[in-house]
Number of protein chains: 2
Amino acid sequence: MPNNTTLHKKNSTKEKILKVSTALFSVSGYRATSMRKIAKEVGIRESAIYNHYKNKEEIFLEVAKGIFSSPFTKEELDIKESALKGKVFLQNFVMQYKLLTFDKNNENMFRLLMIELFQNKELREQFMSEFHEKNIKILSEVFFIMMQNSLIRSQDPMMISYEFLSTLFYIRLQVTLMRFDNNSANLLSTQFEKHVEFFWESIRV
Amino acid sequence: MPNNTTLHKKNSTKEKILKVSTALFSVSGYRATSMRKIAKEVGIRESAIYNHYKNKEEIFLEVAKGIFSSPFTKEELDIKESALKGKVFLQNFVMQYKLLTFDKNNENMFRLLMIELFQNKELREQFMSEFHEKNIKILSEVFFIMMQNSLIRSQDPMMISYEFLSTLFYIRLQVTLMRFDNNSANLLSTQFEKHVEFFWESIRV
DNA sequence: GTCTATACATCGATAGAC
DNA sequence: GTCTATCGATGTATAGAC
């Protein structure tokens, strides 16, 4: 969904290549996804792909961009105001995280991230900065404000941000694993709410 | 280190293949590791490999075995006795986990696990049962006993086991990522201890 | 048990006609 | 922009001599 103009639903070949590649990469990873498979799925010959992308790596990097451009931190609202909500903020944050976890598009991206994390240095760096540090930074600020307003006990904001985020990540990984094999993730999905409850009880004054 | 007999330090070709393969697989994953590379590293021709292993898949499965056979839960001591130690048990558990995280051998295995987790169904199932559920089970038993002895507050043992374990996993992932790119993981390594402190304060009576 | 030689599939990528 | 044709590299695996 390009946000520049309104039209632009033109199913250009380039867009189709990107869409198909995203699906293939996220299921099989970089190496197992061949230009031939992409071409076949798109409905053109391999050589035609090179009219749109320089090479396979360029397609992958374009796909990889989408991993972190997703609305991970679209909640850039007013942090100060949000923080004053206390527990409600955490509940909202987790709900957002949960929605991403169960969103088909984001699920594919997360899977791709996991597959390529140890095979692509650029992706690792992006993971650290865009995924981890960005979230830790926002949470730290929020927790700091909560402490100032005596909503929670005084502790190292970064440390408790880490505690809060790490469990979310682990639940997400497990859910994605389960759903990949078409197993039900119902039981797991309640872990999100349980986590908020437990965590809030751990930090509140 | 085979534990059956004492000798057996014979650097047989088969063992060398396994060793080399483990290193290559854990860095590049299954597909990117070719029989040619393995052969070259071992110092023989590709065809000679087939005297020891049926095919590439067989080598990989042999390597994969090592992922979960490592001393992940070697602490099968007396659970009841351990649980009564309260916080000290958790500290020991985390220390074990930390040692594994920084052990070169286990680091490779963990990396391999992450790379292949979404590309090998068998590995996913093993991860769930051997890595996740096994740890959750042990921790749940321990926490249950702690509750019975009024060392910690009454809560769902599985839930708090999940909370405890998930952060350990996340720290481990981060440490492994950092060390893969030769970055220092010193700052991160203290997260293990911080986690125990925070967690214990959250559950103790 | 290791070698040479080879088979054969698939890979990413390019040249040039249309 | 897409096609056919083709390249060279790389992939797994086998046959048979030593």
Side-chain angles (χ1 to χ4, degrees), chain A residues 2 7-66 112 115-116 118-123, chain B residues 2 7-65 111-112 115-116 118-123:
Chain A
L7 15 146
H8 229 342
K9 189 57 207 170
K10 64 165 183 177
N11 227 5
S12 74
T13 303
K14 183 157 185 171
E15 282 170 16
K16 201 167 179 187
I17 292 173
L18 194 64
K19 195 184 160 193
V20 165
S21 301
T22 303
L24 291 176
F25 279 136
S26 68
V27 169
S28 311
Y30 182 81
R31 278 198 135 86
T33 301
S34 68
M35 297 295 269
R36 293 206 217 280
K37 278 184 199 159
I38 295 173
K40 196 171 188 177
E41 195 92 357
V42 172
I44 55 174
R45 300 283 153 168
E46 298 109 270
S47 54
I49 296 181
Y50 294 91
N51 286 321
H52 306 281
Y53 291 98
K54 202 179 65 187
N55 52 28
K56 188 181 168 184
E57 179 76 12
E58 195 178 273
I59 302 177
F60 176 74
L61 291 179
E62 191 74 19
V63 169
K65 270 186 198 168
L112 179 57
I115 293 175
E116 295 299 323
F118 279 103
Q119 305 184 74
N120 188 305
K121 191 174 158 81
E122 200 172 322
L123 212 58
Chain B
L7 17 146
H8 227 343
K9 188 57 207 170
K10 63 166 183 175
N11 227 6
S12 74
T13 304
K14 184 158 186 171
E15 282 170 17
K16 200 168 180 187
I17 292 173
L18 195 64
K19 194 184 161 195
V20 165
S21 301
T22 302
L24 291 176
F25 280 136
S26 68
V27 168
S28 311
Y30 182 80
R31 280 198 132 86
T33 301
S34 69
M35 296 296 267
R36 286 207 221 280
K37 277 184 200 160
I38 295 173
K40 196 170 189 177
E41 196 90 358
V42 172
I44 56 174
R45 300 282 153 168
E46 297 109 272
S47 54
I49 296 182
Y50 294 90
N51 287 320
H52 305 281
Y53 291 97
K54 200 180 67 185
N55 53 25
K56 188 181 168 185
E57 180 74 13
E58 195 177 274
I59 302 177
F60 176 73
L61 290 179
E62 190 75 20
V63 169
K65 270 187 198 167
R111 203 157 52 218
L112 180 58
I115 292 176
E116 295 299 322
F118 278 102
Q119 304 183 76
N120 189 306
K121 190 174 158 80
E122 198 173 324
L123 215 56

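Numbered from 1 within each chain, the chains take letters A, B, ... in sequence-line order.
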| query | Taking OP1 and OP2 of D:dT4, is either one under 4.0 Å from a side-chain nitrogen or oxygen of A:R45? | reply | yes
| task | Provide, to the nearest angstrom, the distance between the OH atom belonging to B:Y53 and the C1' atom belonging to C:dG1. | result | 15 Å
| request: Whole angstrom is fine here: how far is it from CE in B:M35 over to C1' in C:dT10? | output: 17 Å
| field | Closest-nucleotide 5' rank along DNA chain D - winner of A:I49 and B:T33 | value | A:I49
| Whole Å only: how far is the CG atom of A:N55 from the P atom of C:dT14? | 8 Å
| query | Hey, what do you get for CD1 (B:I44) to CD1 (B:I17), rounding to the nearest 0.5 Å? | reply | 4.5 Å
| request: Report which part of the nucleic acid B:T13 touches: base, sugar-phosphate, or nothing (heavy-atom distance under 4.0 Å, all strands). | output: sugar-phosphate
| message | Return the NZ to CD distance between B:K14 and B:E62, rounded to the nearest 0.5 Å. | response | 6.5 Å
| said: So B:N120 and B:F60, do their side chains get closer than 4.5 Å, heavy atoms only? | reply: yes
| field | Interatomic distance, A:R31 CZ vs D:dT10 P [rounded to whole Å] | value | 11 Å
| task | Quickly work out the B:I59 CD1 to D:dT12 P distance and round it to whole Å. | result | 9 Å
| remark: Judged by nearest nucleotide, the residue sitting upstream toward the 5' end of DNA chain C, A:A32 or A:S47, is A:A32
| request: Taking the side chain as every heavy atom from C-beta outward, state whether B:N55 and B:E58 have any pair of such atoms under 4.5 Å apart. | output: yes
| said: Rounding to an integer number of Å, can you tell me how far A:I17 CD1 sits from C:dG12 P? | reply: 14 Å
| query | Could you give the CD-to-P distance, from A:E46 to D:dC3, as a whole number of Å? | reply | 10 Å
| task | For A:A48 and for B:K56, locate the closest nucleotide of DNA chain D by heavy-atom distance; then report the residue assigned to the nucleotide nearer the 5' terminus. | result | A:A48
| note | B:Y50 OH to D:dA15 P, in whole Å, measures 12 Å
| If we only count heavy atoms from C-beta on, is the A:F25 to A:E116 side-chain gap below 4.5 Å? | no
| request: Check whether any side-chain N or O of B:R36 sits under 4.0 Å from OP1 or OP2 of D:dT12, and answer yes or no. | output: no
| task | Please confirm whether any donor atom in the side chain of B:S34 sits under 3.5 Å from an acceptor in the base of D:dT12, or the reverse. | result | no
